[in-house]
Amino acid sequence: MHHFQYKGNELYAEEVAVKDIVASVGSPVYIYSHATLERHYTAMDEAFASVPHTICYSMKANSNLAVLKTFFNQGGGVDIVSGGELFRALSAGVDPKKVVYSGVGKKDDEIEYALNTGILLFNVESEEELDRIDQVAGRLGKKAGIAIRVNPDVDPETHPYITTGLKKAKFGINIERSLEQYKRAAKMANLEIIGVDCHIGSQLTKVAPFIDTIKKLKRLIEGLKEAGITLQYFDLGGGLGITYSDEAPPLPAEYGTAIVAETKNMGLHLLFEPGRNLVGNAGIMVAKCLYTKKGDEKNFVIVDAAMNDLARPSLYGSYHGVQAVRKDQQETIVADIVGPICESGDFLAKDREMPAFKQDDLIAFMSAGAYGFTMSSNYNSRPRAAEVMVKGDSFFVVREREKVEDLVRGEKLPSFL
Ligand SMILES: *Cc1c(COP(=O)(O)O)cnc(C)c1O
């Protein structure tokens, strides 16, 4: 459940009419519901209330400072994948001891930044990265907390582009080689082994792959014990799916019950890295219809948002619900909703039955809070959209719409021109 509902014919974000936000801020615009963000965090947190745990929100899903601060106020930390994300998280006031750092390509300066910040741990994704973190920590006279991201070779049964835990994936260290890498890490002077990590994919709609993963990692953890390596943290990654259309993923409570049952005797502090589950249905993107067009074979609704604003449909063929901001049109059409970008892949909805939108109608793209704004770009020199957070009957611009001047910031003409 989320707080984007109709009152009469008018779509509201909490107590604010969406049309009022657009009248003030323009379109396209991302709108986040503070109450929904809090609710989703609370649901996840309560699912693990019976065991020691920390929710390290995977901020690549939505890294707006106001979204981050909402979760930090509730006691959350972050899962970061770059130095830039660390900077954002610190800007929003994260507790460094609640930061975990994942990603296959950590650079020296990023490792240094994280060590100087005093983050909880690095989720190490390769053998060479172990050596590199040891070296950088040694240079700084620090000890780096580490977990190995283990690739358990479990099929999460989701979209191939967001499957990360199969043998052929670039992520993590193969489970068969993990024990020997832990033993190698144990001999490194500047590393402190404190955990084990996994993240098998995104938009999972079943609990079973998570449980299969835990069962596999338990065997590894036994092997570690025998080798005299004891852990404190078990990072289970993120990946719990949401409803975009008719998917029925487990609720956080159900996911929690299953995981707690499987891990409760291990004596480890659990870490979670949910992204989409916390923010996906806490945000919408609103665009305005510029033109409608009847092709020979298709109807098109041309809007002022494009694949640069919401990339998921063109990138993964993803589905976002389409709703009229004002529900006064009874007639429906089957159409594609497309943007102004000069690419045939620039669509937001395809062959979809929808209200017969006309010029100047506002259209809401639902479930756009995750991997929406964070994946946006300036392609076609389009300034990026504004972001708004609604709380009760008020709304706040939490990121200004970019201006055309922002597009050329940092560019310079060489003297020979
Ligand atoms: C992207 C990512 C997540 C979050 O995935 P969701 O499906 O959004 O929950 C968690 N951990 C890692 C390492 C990731 O790369």
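We're numbering straight along the sequence, starting at 1. Both ligands and their constituent atoms are indexed starting at 1 by order of listing.
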Subject >> Close approach of N277 to ligand 1, heavy atoms, under 4.0 angstrom >> reply: no
Original post:
If you measure from each heavy atom of Y371 to ligand 1, is any distance below 4.0 Å?
Top reply: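 For ligand 1, residue contact (heavy atoms, under 4.0 Å) with Y371 is present.
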**OP:** Would you kindly specify which portion of D79 sits under 4.0 Å from ligand 1, judged on non-hydrogen atoms: side chain, backbone, both or neither?
**Re:** side chain
I'd like to check which ligand 1 atoms, numbered from 1 as shown, lie under 4.0 Å from a non-hydrogen atom of [X].
| X | result |
| --- | --- |
| E273 | 3 (C), 4 (C), 9 (O), 10 (C), 11 (N), 12 (C), 13 (C) |
| R276 | 6 (P), 8 (O), 9 (O) |
| R149 | 13 (C) |
| G238 | 9 (O), 10 (C) |
| S102 | 13 (C) |

Among all protein heavy atoms, pick the one closest to [atom] and tell me residue, atom and distance.
| atom | answer |
| --- | --- |
| atom 7 (O) of ligand 1 | S202 OG, 2.3 Å |
| atom 1 (C) of ligand 1 | K60 NZ, 1.2 Å |
| atom 3 (C) of ligand 1 | S58 OG, 3.1 Å |

Subject >> Side-chain donor/acceptor of N151 to backbone N/O of F171, under 3.5 Å >> reply: yes
Original post:
Counting distance only, does the side-chain N/O of K143 pair as donor-acceptor with the main-chain N or O of A189 below 3.5 Å?
Top reply: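 Between the backbone of A189 and the side chain of K143 there is a qualifying donor-acceptor contact (under 3.5 Å).
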Original post:
Are Y41 and F71 near enough that their ring centres are under 6.0 Å apart?
Top reply: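 Between F71 and Y41, which both carry aromatic rings, the centre distance is below 6.0 Å.
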Subject >> Whether F48 and H53 hold their rings parallel, tilted or perpendicular, with breakpoints at 30° and 60° >> reply: tilted
**OP:** Using distance alone, decide if ligand 1 has a nitrogen or oxygen within less than 3.5 Å of any nitrogen or oxygen in G239.
**Re:**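 Min N/O separation from ligand 1 is below 3.5 Å for G239.
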Subject >> Polar contact flag for G275 and ligand 1 (N/O pairs, less than 3.5 Å) >> reply: yes
**OP:** List for me each residue that meets salt bridge (charged side-chain N to carboxylate O under 4.0 Å, His left out) alongside E247, sequence neighbours excluded, and say none if there are none.
**Re:**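 Once residues adjacent in sequence are excluded, E247 has no partner under the salt bridge (charged side-chain N to carboxylate O under 4.0 Å, His left out) criterion.
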Original post:
For E176, which residues count as a salt bridge (charged side-chain N to carboxylate O under 4.0 Å, His left out) partner, sequence neighbours excluded?
Top reply: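 E176 satisfies salt bridge (charged side-chain N to carboxylate O under 4.0 Å, His left out) with K167 once adjacent residues are dropped.
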**OP:** Using a strict cut-off of less than 4.0 Å between a Lys/Arg side-chain nitrogen and an Asp/Glu carboxylate oxygen, indicate whether D108 and R132 qualify as a salt bridge.
**Re:** yes
Original post:
What's the shortest heavy-atom distance between G83 and Y113, and which atoms?
Top reply: O-CE2, 3.4 Å
Original post:
Can a cation-pi geometry be assigned to K106 and F122, taking NZ or CZ under 6.0 Å from the six-membered ring centre and within 45° of the ring axis?
Top reply: no
